[in-house]
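Below is one structure, written out as structure tokens, with a few remarks after it.
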Amino acid sequence: MTALTPTLVRLKLSLLRGGLRQSAGRRAAFVCSALAALLVGLLQMLGLIALHWHAHAVNVAVPAAAVLALGWAVMPLFFPSGDETLDPTRLVMLPLRPRPLVRALLAASLVGIGPVFTLLVLTGCVVALAHGPAGWAAAVVALPLALLVCVALARTVATANVRLLTSRRGRDLAVLSGLVIAIGAQVLNFGLQRLGSASGLGQLGPVADVLSWVPPASALAAVHSASTGSYGLALARLALSLLALALLIAAWARGLTRLMTAPDGSTLQGADTSAPDRASAGLLGRLLPAGRTGAVMERTLRYIWRDPKTKAAWVTSLAIGLIVPVFNAVQGTGSVYFACFASGMLGMQMYNQFGQDASAFWMVAMTISSPRDAYAELRGRALALLLITLPYALLVTSVTTAILGDWDRLPEVLGLSLALLGAMLATGAWMSARFPYSIPQEGHRNVAPGQAGLAFAAIFGGMVSAALLCAPVIAAVIWLNVSDGGAGWAWVMLPLGAVYGAGVTVAGLRLAAPRTVGRLPEILVAVSRG
């Protein structure tokens with residue numbers, strides 16, 4: 001019988017070659033991504049090697065290993081389609097035992113761009129920490145051990161969630177990815193600014209001390225312990241990483257056994273959930289206005305809650321809209337006017353309103369026969385957005401003002417936020433009719449191929465138009481801040497901004513209504529391409 005491990009390794013290589021043969025564009029994308037990953041990995045490795053004699057090298061190398069492990073744990077959840085071998089259910093019908101299959105899949109997992117990048121970074125980490133014969137001996141053991149822990153962690157997590165990852169509901173993980181990326185980028189920015197202070201890398205000392213007992217970072221910490229003569233501590237940390245690897249492989253094997261022997265949920269009869277759905281629909285319907293306006297609002301809110309792409313866009317906007325002003329305020333580098341960023345992020349959700357309907361827009365189009373119908377449709381969508389954006393803008397503005405302690409500017413900042421929100425709703429309605437584009441339901445693209453120009457024109461053109469519409473309110477705020485005695489009239493900006501924003505919104509919806517009716521066929525074709 002042919003050995004299983006080399007067979008699956010060859011299968012992984014065949015899958016890579018087969019994917020590259022599909023199109024020249026895919027080959028170019030793979031080559032470019034591979035070169036970029038190798039270049040970044042080499043630069044990271046050289047940067048870590050440069051810390052070889054630095055006193056705080058351990059404060060960088062140990063957290064770096066922990067970050068790599070975290071990346072290996074979460075990336076299969078966010079990008080399950082990136083590796084076909086992550087789905088072991090493809091092998092269910094083959095007579096394979098779990099233990100040999102685990103060894104074979106572990107070896108196959110070492111083939112790819114990700115493992116090579118991880119190996120480069122881990123190599124830089126061990127070189128930065130290794131000193132003397134004992135340190136280099138520990139490095140020889142720690143390097144493959146840390147790499148295997150990262151790969152086994154990814155496989156264990158993917159196997160435990162494979163039913164979710166291969167289902168339609170699994171697309172909701174894009175919401176988590178957007179949130180993690182939004183928060184992680186700001187945390188990284190905050191951390192880099194802190195590292196630029198006088199204490200420098202020394203601030204990472206407590207973090208490295210804690211992570212030195214968390215596998216696989218403990219394997220890297222063992223190299224440092226062996227280099228400094230703490231041989232018992234080094235053996236303990238290596239043993240901890242080895243124990244983690246054994247536990248991960250055991251959990252992976254049990255997950256494979258359960259996955260390949262238990263019935264799929266799709267073969268079982270689902271429970272009757274019609275009664276709760278009706279109750280939920282009745283409750284939501286009672287809270288919303290009657291008629292077409294309430295129906296459109298309910299549909300829009302259900303898109304936000306149920307459609308993975310729409311939910312991902314909303315969660316990302318909510319996270320970034322709060323993080324940017326709050327983080328800058330905490331660092332002391334922000335301004336109360338940064339709170340307007342929240343209205344800007346959520347106002348962008350008005351753009352391409354019909355694209356979220358995709359091919360189902362034809363049912364909406366059948367109900368639009370006059371500008372009055374189009375106005376009612378657009379008004380319902382705008383009101384649904386306002387149900388979320390108005391309290392959210394108030395929350396972000398209040399939190400930012402409280403952190404900075406600049407309560408005197410709260411009325412003018414909130415008024416400016418409301419005016420900006422109204423301008424974006426107005427321009428978003430018009431751009432939705434003028435530059436509609438499709439949002440693919442599959443994959444991670446937010447624009448269908450060939451429609452990137454439409455998306456750019458809609459978003460960029462709408463943002464510029466919204467800024468121009470807000471010019472009178474912005475000018476009024478500037479005049480109040482530079483004129484003598486203007487501070488006493490700052491409270492006027494709150495009602496002025498609210499009235500201005502409402503007026504601009506109504507005017508924009510009325511102007512967009514006839515444009516929507518006249519372009520219904522073009523809109524239907526554009527949004528149905530995905």
### Query
Once you round to the nearest 0.5 Å, how far does CZ of R372 lie from CZ of R379?
9.0 Å
### Query
Taking side chain as C-beta onward, heavy atoms only, is E412 less than 4.5 Å from W491?
no
### Message
Do D357 and W362 make a side-chain contact, defined as non-hydrogen atoms from C-beta onward lying under 4.5 Å apart?
### Response
no
### Whether T400 side chain and P325 backbone form a donor-acceptor pair below 3.5 Å
no
### Message
So L122 and L220, do their side chains get closer than 4.5 Å, heavy atoms only?
### Response
yes
### Task
Test side-chain hydrogen bond (donor to acceptor under 3.5 Å, both in side chains) on R409 and T401 and set out the steps.
CA-CA 8 Å; R409 297 186 184 274; T401 306; over 6 Å; no
### Query
Which is it for I388 and I304 under the side chain to side chain contact (heavy atoms under 4.5 Å, CB included) test, yes or no, and what are the steps along the way?
CA-CA 11 Å; I388 302 173; I304 296 172; 4.0 Å; yes
### Query
Checking side chain to side chain contact (heavy atoms under 4.5 Å, CB included) for the pair F341/V396: CA distance, chi angles, key distance, verdict?
CA-CA 9 Å; F341 195 79; V396 174; over 6 Å; no
### Task
Verify, without hydrogens or angle tests, whether R515 (side chain) and A433 (backbone) share a donor-acceptor contact under 3.5 angstrom.
no
### Task
Output the distance between atom CG (L211) and atom OG (S218), rounded to the nearest 0.5 Å.
10.0 Å
#### Entry: Any L390 side-chain heavy atom under 4.5 Å of L421 side chain
yes
### Task
Consider only side-chain N and O atoms of T367 and R292, and report whether a donor and an acceptor are under 3.5 Å apart.
yes
## Note on the structure
Between A374 and V517 the two heavy atoms that sit nearest each other are CB-CG2, 3.7 Å
### Task
Say whether, by atom type as modelled, one donor and one acceptor occur between the side chain of T300 and the main chain of V296 under 3.5 angstrom.
yes
### Summary
Residues S432 and Y351: closest non-hydrogen pair is OG-C, 3.7 Å
### Task
Check the angle between the aromatic planes of F456 and F460 and answer parallel, tilted or perpendicular using the 30° and 60° thresholds.
parallel
### Message
Any carboxylate oxygen within less than 4.0 angstrom of a Lys/Arg side-chain nitrogen, looking at R299 and E377?
### Response
yes
### Task
Look at atom CE of M463 and say whether more than 12 heavy atoms of other residues, nucleotides or ligands are closer to it than 6.0 Å.
no
### Query
Side chain of S438, backbone of V527: donor and acceptor closer than 3.5 Å?
yes
### Query
Yes or no on side chain to side chain contact (heavy atoms under 4.5 Å, CB included) for F117 and V40, after CA distance, side-chain angles and deciding distance?
CA-CA 8 Å; F117 174 83; V40 173; 3.9 Å; yes
### Task
Taking all non-hydrogen atoms of both residues into account, name the closest pair between T516 and I523 and its distance.
O-CD1, 4.1 Å
#### Entry: Minimum heavy-atom distance between S335 and L404, given as atom pair plus value
C-CD1, 3.6 Å
### Message
Tell me the closest heavy-atom pair linking V121 and L48, and the distance in Å.
### Response
O-CD1, 3.5 Å
### Spacing of CG belonging to N328 relative to CD1 belonging to I323, to within rounding of 0.5 Å
11.0 Å
### Message
Below 30° counts as parallel, above 60° as perpendicular, anything between as tilted: where do the rings of F354 and F361 land?
### Response
tilted
### Task
Taking the side chain as every heavy atom from C-beta outward, state whether M493 and V473 have any pair of such atoms under 4.5 Å apart.
yes
### Query
Under 3.5 Å, side chain of N352 to main-chain N/O of Y437, donor-acceptor pair present?
yes
#### Entry: Student check: side-chain heavy atoms of M348 and I459 closer than 4.5 Å
yes
### Query
When rounded to the nearest 0.5 angstrom, what is the spacing between CE in M431 and OG in S465?
4.0 Å
### Query
With a 4.5 Å heavy-atom cut-off, do L387 and L288 have their side chains touching?
yes
### Query
Counting distance only, does the side-chain N/O of S212 pair as donor-acceptor with the main-chain N or O of D209 below 3.5 Å?
yes
### Query
Which is it for Y500 and L418 under the side chain to side chain contact (heavy atoms under 4.5 Å, CB included) test, yes or no, and what are the steps along the way?
CA-CA 8 Å; Y500 185 85; L418 296 178; over 6 Å; no
### Query
Atom CG in L385, atom CD in Q353: separation rounded to 0.5 Å?
5.5 Å
## Note on the structure
residues 375-417 vs ring pair (Phe, Tyr, Trp, His ring centres under 6.0 Å), sequence neighbours excluded, gives none
### Task
Could you check if a side-chain atom of V157 sits within less than 4.5 angstrom of a side-chain atom of L153, using non-hydrogen atoms only?
yes
### Query
Out of curiosity, I403 CD1 to F327 CZ, how far, rounded to the nearest 0.5 Å?
10.0 Å
### Message
Strictly distance-based, threshold 3.5 Å: is any side-chain N or O of T505 a donor or acceptor partner for the main-chain N or O of G422?
### Response
yes
### Query
Closest approach of C470 and L420, non-hydrogen atoms and distance?
SG-CA, 3.3 Å
